[in-house]
Trainee: 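Take this structure first; my questions come after.
Lettering of chains follows the sequences in order, A, B, ..., and the numbering in each one begins at 1.
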Amino acid sequence: MFVFRRQTAMADQQRPGEAAGPGVIEGDDLALEAPDRGSADELLDAGAHAPLDLMRHSAAHVMAEAVLALFPGARLGIGPAVADGFYYDFELPRPLTPDDLAAVEERMRTSIAADHPFIRRELPFDEARTLVAADDQSFKVEILDDLAAKAAAAGEPLPVTTFYEHGAFRDLCRGPHVESTGRIGPFRLLAVAGAYWRGQESRPMLQRVYGTVWESQEDLDRFLWRREEAKKRDHRRLGVQLDLFSFHDVSPGSAFWHPKGQRLWRTLETAMRELQERHGYEEISTPILVNHRLWEQSGHWDHYRDNMFVLDIEDQAYSLKPMNCPESTFIYRSKTRSYRDLPLRLSEFGRLHRNERSGVLHGLTRVRHFVQDDAHVYVRPDQLADEIGRLIAMVRESYGWFGLQPRYTFATKPDGAIGDDALWERAETMIRSALDDAGVTYTVKPKDGTFYAPKIDIYIDDALGREWQMATIQADLTMLPERFDLTYIDEHGAPQRPIALHRAIYGSLERFIGILIEHFGGALPLWVAPVQVALIPIADRHADPADELAALLRGRGLRVDVDRTDSRMQNKIRLAQEQKVPVMVILGDREVEARTASVRRRDGSQEQGVAWDDLAARLAEEAAARAV
RNA sequence: GCCCACAUAGCUCAGCCGGCAGAGCACUUCCUUGGUAAGGAAGAGGUCAUGGGUUCGAAUCCCAUUGUGGGCUCCA
């Protein structure tokens, strides 16, 4: 069973890094708190700089001042510095419009030009509470009351509170700030969005205004440029432009794969299948529609039902499978397993449905229907470390196909986990030594495992520096083995429990493809490109020879399209460039006569007079190398 | 699910203070047969997301529904 981390929250940056063996990076919080979904404009800056943070938080104060001036009754939430800027949450009498944002910006500029100093004031707790209550700032009152409660719980006296003032504006704030408003650099307000007070759906919806501030105009311009660049790489836009997939309202959250997208899909699938077969995997396929009894047995009915599509069939509740694992156990149990049969590696490109809330769907990276390159590996305890080593090798190889550098985290037993402590400790020790043996560097995330297994999660940073969670490897000693009563017969004839490794390397094919598209900006490496070669006959009389060459290339397994339209060669090149085809092959009189080709690469480089056979051999070799 | 915005030709978008549905690209046909990122002309293409309402009249105003987008973790 996979529980992919819900990607909206990685709220554990307060946890201390756990001491661990050699090669372990201690709690690398900055890296961990980055969102791991990353729509196009969620570009992360490479770490926040302290002076910038002061400026950003100060800008939030100035923004609050401006909003309060425009909406005197506004209530303030919180206004922290974030990755690329800042935000402040407000409760306002009406929704903000783009015009409002412009007005707020204008007032902010005035305040910055006035260069008001930020003045820190300390107030005894009771006075502070009276003050914010008199201002009718109920959210601030709540913050103070929470602080008081926390102090009481810790047996400490009521804390002294601090306020920061600039001009006529005063805000409860821990600080620190820049010296004066004039120190705030070039800024831009970006967006207004709804945000629940304290992120809880049961609390009021506030209006969050996002802004960005930088030390120089240059930095601001670069940031805005990067946002634009990210938009161009957005896989939803490129998916349409490159004719890979589309979405339709008859099935929200599920992609329709066009022929080119399906080529890409199959290439990835074939490569993974080939890798798995080399590593002793056997492929299975299990039903999508399953009686709810199975989910009761697996525990999903209790823990995961809200995310499952449930159907009523002849008075029985069935569900579309949200995970593959329980069904794999039926195949395991289909015969008596010997210790000699293990490891048993069962892979499945499983078609899954999860009922994600409508508001969180997002292109290919957050969908309701997807395919996992899933596998369950049943091992004896003495085989676990080796098998994890094998999996890490598989991750390294396959990520190498795309030039991606995997990073590893090790997530340990969460609160409320099932299974006894001794089993957990055993599993964690085994994973840890497997990681050490594999010589990988990893970060420990305490208490971040699934409720049934400690796990290794694998992340990458894409070309724009965004972090994505990709593969996962989970060592399950409890869930499948115990609940589904899995056994093998050991060398003494006694039944024993196997360990079930749950793992996915691409994760979901949909999501992986979305990430690849953004990482490469649509210019996919030759080996995965849906169209590897665009054959461009200069005139009609070159079209038949082009077909002949295309057949030769296809014979070597290459994906080739011939442009037989009557447009000019320049236009055909332009089209192929726009489609980001890696290789364009141009045929005119000279080439046809000599049985050669003029080869133009996506990067603009050219090579003339390449013999057809050479071309076929070289491109086939290049594609087979599976390299960037 | 919740807040806000958006939905017009295959794509990108204009029209939206109510009064004949538009452009560029793509597509079709014709001319053109070319040398490394757009040759020319003509044509076809729309239930303005869906349903309801206001109005003499709705792409345009109002309501609902569906879908899409930005968010809903950062604790003074």
Trainee: Considering only atom C1', compute the distance from C6(B) to C13(B) and round it to an integer number of Å.
Mentor: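 Going atom to atom, C1' in each nucleotide, I get 13 Å.
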Trainee: Mind checking the C1' distance from C4(B) to A37(B)? Whole angstroms is fine.
Mentor: 41 Å
Trainee: On RNA chain B, check which nucleotide each of P95(A) and R541(A) is closest to and give me the residue with the more 5' one.
Mentor: P95(A)
Trainee: Taking N and O atoms by type only, does the side chain of Y87(A) place a donor or acceptor under 3.5 Å from a partner on the base of G71(B)?
Mentor: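 Such a pair does not exist between side chain and base.
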Trainee: Both H248(A) and Y210(A) contact RNA chain B. Taking the nearest nucleotide for each, which residue is further toward the 5' end?
Mentor: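 Whichever sits nearer the 5' end wins; that is H248(A).
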Trainee: Between R236(A) and G70(B), does any side-chain N or O lie under 4.0 Å from OP1 or OP2?
Mentor: yes
Trainee: Round to a whole Å and report the spacing from CZ of R237(A) to C1' of G69(B).
Mentor: 12 Å
Trainee: Taking the side chain from H542(A) and the backbone from D589(A), do they hold a donor-acceptor pair closer than 3.5 Å?
Mentor: yes
Trainee: Begin from the C-alpha positions of F118(A) and T181(A) and carry the test side chain to side chain contact (heavy atoms under 4.5 Å, CB included) through to its verdict.
Mentor: CA-CA 7 Å; F118(A) 279 98; T181(A) 57; 3.9 Å; yes
Trainee: Run the salt bridge (Lys or Arg N to Asp or Glu O under 4.0 Å) check on R121(A) and E127(A) step by step: do they pass?
Mentor: CA-CA 12 Å; R121(A) 298 200 192 286; E127(A) 276 181 53; over 6 Å; no
Trainee: Could you tell me whether the side chain of E591(A) has a donor or acceptor atom within less than 3.5 Å of a complementary atom in the base of G35(B)?
Mentor: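 By the distance-only test, yes, there is a pair.
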Trainee: Is the F90(A)-Y88(A) ring centre distance short of 6.0 angstrom?
Mentor: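 So the answer is yes for these two rings.
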Trainee: Say you pick atom P in C61(B) and the same atom in G15(B); how far apart are they, in whole Å?
Mentor: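 Nearest-Å result for C61(B) against G15(B) at atom P: 12 Å.
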Trainee: Using the P atom on both, measure A49(B) against U60(B) and round to a whole Å.
Mentor: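 After rounding to an integer number of Å, I get 8 Å for this pair.
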Trainee: Any base atoms under 4.0 Å from G85(A), or only sugar-phosphate, or nothing? Heavy atoms, all strands.
Mentor: nothing
Trainee: Reckon R568(A) has a side-chain N or O less than 4.0 Å from the OP1 or OP2 of G39(B)?
Mentor: yes
Trainee: Fit a plane to each ring of H166(A) and H116(A), take the angle between them on a 0 to 90° scale, and name the class: parallel (under 30°), tilted (30 to 60°) or perpendicular (over 60°).
Mentor: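 Because their plane-to-plane angle lies in the 30° to 60° range, the rings of H166(A) and H116(A) count as tilted.
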Trainee: How would you label the contact of Q577(A) with the nucleic acid (heavy atoms, under 4.0 Å): base, sugar-phosphate, or nothing?
Mentor: base
Trainee: Under the 3.5 Å rule, do the base of A38(B) and the side chain of R574(A) count as making a donor-acceptor pair?
Mentor: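 Donor-acceptor pair under 3.5 Å: yes.
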Trainee: Would you say R600(A) places a side-chain N or O within less than 4.0 Å of OP1 or OP2 belonging to A37(B)?
Mentor: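 For R600(A), the contact criterion (side-chain N or O under 4.0 Å from OP1 or OP2 of A37(B)) is met.
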Trainee: So what does D146(A) touch, heavy atoms closer than 4.0 Å: a base, only the sugar-phosphate, or nothing?
Mentor: nothing
Trainee: Measure up the H353(A) and F309(A) rings against each other and bin them: parallel (under 30°), tilted (30 to 60°), perpendicular (over 60°).
Mentor: perpendicular
Trainee: Output all residues satisfying salt bridge (Lys or Arg N to Asp or Glu O under 4.0 Å) with R368(A), sequence neighbours left out; order by chain, then residue number.
Mentor: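 Testing R368(A) for salt bridge (Lys or Arg N to Asp or Glu O under 4.0 Å), a comparison that skips the adjacent residues, returns none.
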Trainee: Go through residues 157-169 of chain A and report each residue with a non-hydrogen atom lying under 4.0 Å from RNA chain B, sorted by number.
Mentor: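 T161(A), T162(A), in order of number.
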Trainee: How would you summarise protein contacts on nucleotides 40-52 of chain B per nucleotide, using B for base, S for sugar-phosphate only and - for none, with heavy-atom distances below 4.0 Å?
Mentor: -------------
Trainee: Is R574(A) salt-bridged to E578(A), cutoff N-O under 4.0 Å?
Mentor: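 Between E578(A) and R574(A) there is a salt bridge, with a charged N closer than 4.0 Å to a carboxylate O.
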Trainee: Quick one: is H362(A) getting a side-chain N or O under 4.0 Å of the G70(B) phosphate, OP1 or OP2?
Mentor: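 So the side chain of H362(A) is within the cut-off, an N or O lying under 4.0 Å from OP1 or OP2 of G70(B).
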Trainee: Could you check which nucleotide pairs with A38(B) in any of the strands shown, counting Watson-Crick or G-U wobble with both distances under 3.5 Å?
Mentor: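 Base-paired to nothing in any strand shown.
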Trainee: Checking Q262(A) side chain against W257(A) main chain: does a donor-acceptor pair fall under 3.5 Å?
Mentor: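 Pair absent, no side-chain N/O of Q262(A) close to backbone of W257(A).
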Trainee: Set out, in order, the CA-CA distance, both residues' side-chain angles and the distance that settles salt bridge (Lys or Arg N to Asp or Glu O under 4.0 Å) for R601(A) and D603(A), then state yes or no.
Mentor: CA-CA 5 Å; R601(A) 298 268 172 166; D603(A) 63 10; over 6 Å; no
Trainee: Looking for any heavy atom pair under 4.0 Å, which part of the strands does I536(A) touch: base, sugar-phosphate only, or nothing?
Mentor: nothing
Trainee: Please classify the nucleic acid contact of Q608(A) as base, sugar-phosphate, or nothing, using heavy-atom distances under 4.0 Å.
Mentor: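 If one applies the 4.0 Å heavy-atom cut-off, Q608(A) turns out to touch a base.
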Trainee: Would you classify E607(A) as touching base, sugar-phosphate or nothing, given that sugar-phosphate means primed atoms plus P, OP1 and OP2, and contacts are heavy atoms under 4.0 Å?
Mentor: nothing
Trainee: Look at all strands and tell whether A195(A) reaches a base, only sugar-phosphate, or nothing, counting heavy atoms closer than 4.0 Å.
Mentor: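 Contact class for A195(A): sugar-phosphate only.
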